[in-house]
Amino acid sequence: MVEAAFHHRSTLKQSNKAFKSKHATRRSLKEAAKGKTAHTSPKAVSTNNAAAQLRLNRRNNAKQAQTKKRNAIVSATRIFNGADGAPRIVAVIPLSGDVNARNLIGALAESLEVSAEDCPQDGLWKMRADRFKTSIQFRPVPYRNFYDALDACKVADYVVFGLSPTVEVDTWGDTLLRSLQAQGLPEVVSVVSPDSSIDAKSRSGILKSLLSFMQYFVPSQTRVYDLHSSSDRINALRALSEGKPGEPRWRDGRTWVLGEGVEWEDGVLKVTGVVRGAALSANRLVHLPNFGDYQMLKIVSAPLPRSHGKTGGMDVEPSLLAEPDMNEADSLVSSNDPDDMANEQTWPTEEEMKGTPGDIENPIPDAPKGTTPRIVKRIPKGMSEYQAAWIVDETDEEDEEGDGSDRDMRQEEEEEEMVDLVIDDDKDMDMESRREVDFDELDIEEEERQLVKWRNRQREEEDDLQFPDEIDTPQDVPASTRFQRYRGMRSFRTSPWDPYENLPRDYARIFQFEDFKRTERSVRRRAEDEPNTVEPGTRVTLHIRDVPREAEKGLIVLFSLFQHEHKKSVLHFTVQRNTEYDGSVRSKDPVILCVGPRRLAVNPIYSQHTRGGGKGANNVHKFERYFRHGVTNVATTYGPIVYGSQPCLLLRETSDLQAPQLVAMGSFLNPDTTRIVAKRIVLSGHPFKVHKKTATVRYMFFNADDIRYFKPIQLHTKHGRTGHIRESLGTHGYFKAHFDGPINQMDTVCMSLYKRVYPKWSRLWTVQERTNPEGGLPTNGSGHTDDAMEE
């Protein structure tokens, strides 16, 4: 008998749940149900219906977005389609000296077997691309034509940058790319000029290096086309002929025309071109770069002549499309003419300015001889009569100082060196010829050394950075006279300041808005709904009145302005320094401001930018003497009003007109006339004696009258103490001050004074004019204007 093996009964009976798929098909669900009716709650039914509705809504939204994008592309490219479609404007800009824009166009045209022999070096050339059912209008820009490149990119649909496979982009090309990047670029296509001397192995490395270089300025670039390859030529041409061209944001809602034909007759400039952007209104002003703003007489259609052999149709005669309405048309008045009598200002007449009496027939008679008393003055030997006029007579109180013996000895010594000078007040007042002033001419080396020291802007900027706003109190002029335009402020952030107090005369010429944002919205809304306009894509001839004859020379780029954009106001721009520019930039330095279609010669003042871009509690902002790196400042100037967040450039002229330096870039902030730019100066003093919270301070003032004049203003120290002047001590400018805590004798006592500063009036800058060899506005030789040398 065999015994069975012992076996324990299992106590762990694990049964796993059957897998249930969350994405079961309809067929599997139908087989599982087997015709049974599902008993579901009303809540579950509503949830399923809601989910199905959400899914349907998402599909509809996606379909609508897709349709909207497709319609946008179709509408954007509609003006380019058809036989009468507008050509695509392509600006061709070489970035190296060995690259020729005309050769680049010829290489692109060769891919379509089109000859480009009649393409000019500087002008327009149109090519029909039947393969892509469009036409292209090339605008070649010669090398080192800086401002033509800026204007060409403002109106172009595409920009072709020509790179060299052997020569690197120089400083001029780098500055141009930075300027165009800040100005706003349309769609960019980068090409390499054809060069058969480059072998196939090194060609790929060159293309990668050039692509990396272009992506620094245009990050959207994915490739650089090599025009030496036939496939890259056709691909580059395809990139210029298909799709929707990108546009800079600053052109939204604006109208521009690239002049294909220009004719001048009796002060009327006739510009023929295709309307681009928004609809063109005859009531608005137009801006011609380098010439200014002008009014339109009329807009006439300019259809292209038809080919009778193919269509058999007849040419369409030009017709009048729009004329300005005299009641609605904008005027050329850009500033107010202040009425001095209405402002109760008294200005001297021409006779008073010349020194002649107002009543010429009855002049004031001269005094008889002998009636004017004779004055006897005691002056040192060898001193002239002119020098004697500046001697101040001593008072009796000063003569009584000291004991009698000292006074007698001093009087005897002075009598030996003094002579009597008799002055007749009834002498002839024409003393210019008798005045003699000693002048010691310096040698050339000393004159050059002092000139270099005076022009050392870098030293001034370093001192201002180390001791911000600190100046020395003059000893020869009372501080109450020297700083009479300054005021003290308890709190720079919250102390009130009336923005309409003591305004300069230029403020009577400008315009201001009650609500600028609301005005801009209403102007743009009226521009969209304005009747009697010309739609984009229409080829027209614009008749512009009172234009100088020089405007017909060269290529014309024309921009239409919004309503009120011709009026002048106080403009503010947020700007940042160009990292590649190492020069010193000071307030009121002459620069070229490029904003929108305009270029202005300005002397802006710089101020601190409030965090968040707000006005603060009192709209007072600190004036900056120098525009430094790494800081966002606000540049303020007078200029025509700008709508929208327009990009701006600050350029500084050099000896080469077409090679300016890019100083800064930024955007338009607002035209706020109540923004107060306050200039601060700090008077410093030395704690001569210190006793706990009280100190005797010297070297801040040099007479007791100045101490009494500035006594109400609060003091502060560099270590954070605040205090006030208690009393004056002596006659040499010492005073006692009390502070909110013990101070250190190594500390410095300071007093901050403020005054409001204003910019200079701007003017239109043109490429044709050069005001001085260094370019820009006239300066005093040190690189900045005389107003900047006030302190």
Side-chain angles (χ1 to χ4, degrees), residues 16-86 88-89 129 131-134 156-159 184-189 215 218-223 225 234-255 275-279 517 520-522 524-530 533 535-537 644-645:
N16 295 327
K17 185 178 179 181
F19 175 75
K20 181 180 180 181
S21 175
K22 294 183 179 180
H23 302 285
T25 61
R26 297 180 185 177
R27 184 172 181 178
S28 61
L29 293 176
K30 187 176 181 180
E31 291 178 354
K34 297 295 185 181
K36 297 179 180 179
T37 304
H39 298 281
T40 56
S41 62
K43 184 177 181 180
V45 173
S46 62
T47 303
N48 295 336
N49 292 338
Q53 185 66 31
L54 288 176
R55 192 181 308 114
L56 183 60
N57 290 343
R58 289 196 299 270
R59 291 178 180 175
N60 289 336
N61 289 338
K63 186 177 181 180
Q64 291 175 1
Q66 183 181 16
T67 305
K68 186 177 181 180
K69 290 181 180 179
R70 184 181 292 109
N71 293 337
I73 294 176
V74 171
S75 61
T77 58
R78 183 179 293 121
I79 63 172
F80 304 126
N81 298 332
D84 296 334
R88 297 172 183 259
I89 302 176
R131 177 174 179 176
F132 303 105
K133 300 179 180 179
T134 186
D157 299 316
Y158 297 90
V159 178
L185 280 169
E187 199 73 25
V188 175
V189 176
Q215 284 179 339
V218 189
S220 61
Q221 290 289 280
T222 58
R223 64 177 300 182
Y225 299 97
I234 196 66
N235 288 333
L237 197 59
R238 179 179 287 107
L240 300 175
S241 305
E242 295 181 349
K244 174 187 176 183
E247 291 185 1
R249 292 190 57 185
W250 68 270
R251 293 198 313 201
D252 291 345
R254 296 186 176 271
T255 309
V275 178
R276 309 291 180 121
K517 292 296 183 182
E520 181 181 355
R521 288 194 299 267
S522 62
R524 290 183 178 271
R525 192 182 306 113
R526 287 197 301 267
E528 293 176 357
D529 302 335
E530 188 172 2
T533 57
E535 293 300 320
S645 182

Open item on the list: Please tell me whether Arg58 and Asn61 have a donor and an acceptor in their side chains that are separated by less than 3.5 angstrom.
Closed with: no
Task: Pairwise side-chain contact, Leu237 with Phe132, heavy-atom cut-off 4.5 Å (strictly under) - done: yes
Task: Least distance between heavy atoms, Pro245 atom then Arg88 atom - done: CD-NH1, 4.0 Å
TODO: Please name all residues satisfying salt bridge (charged side-chain N to carboxylate O under 4.0 Å, His left out) with Glu520, sequence neighbours left out, ordered by chain then number.
DONE: Arg524
TODO: Test Leu240 against every option in Thr134, Val189, Asn235, Asp157 by the side-chain contact (heavy atoms from CB on, under 4.5 Å) rule and name the one that passes.
DONE: Val189
Task: Ala279 backbone acceptor or donor facing Thr255 side chain under 3.5 Å - done: yes
Task: pair Pro186-Val159: side-chain heavy atoms closer than 4.5 Å - done: yes
Task: Minimum-distance pair of heavy atoms, taken over all atoms of Glu242 and Tyr158 - done: O-OH, 3.5 Å
Task: Nearest atoms (heavy-atom pairs only) where Ala278 meets Gly253 - done: CB-O, 3.6 Å
Task: Closest non-hydrogen atom pair, Ala239 against Tyr225 - done: CB-OH, 4.0 Å
- [ ] First locate atom OG of Ser241, then atom CD1 of Ile234, and finally report the distance between them rounded to the nearest 0.5 Å.
- [x] 8.0 Å
Task: Side-chain touch Gln221/Val188, heavy atoms, less than 4.5 angstrom - done: yes
Open item on the list: For a 4.5 angstrom cut-off between non-hydrogen side-chain atoms, does Glu535 reach Thr533?
Closed with: yes
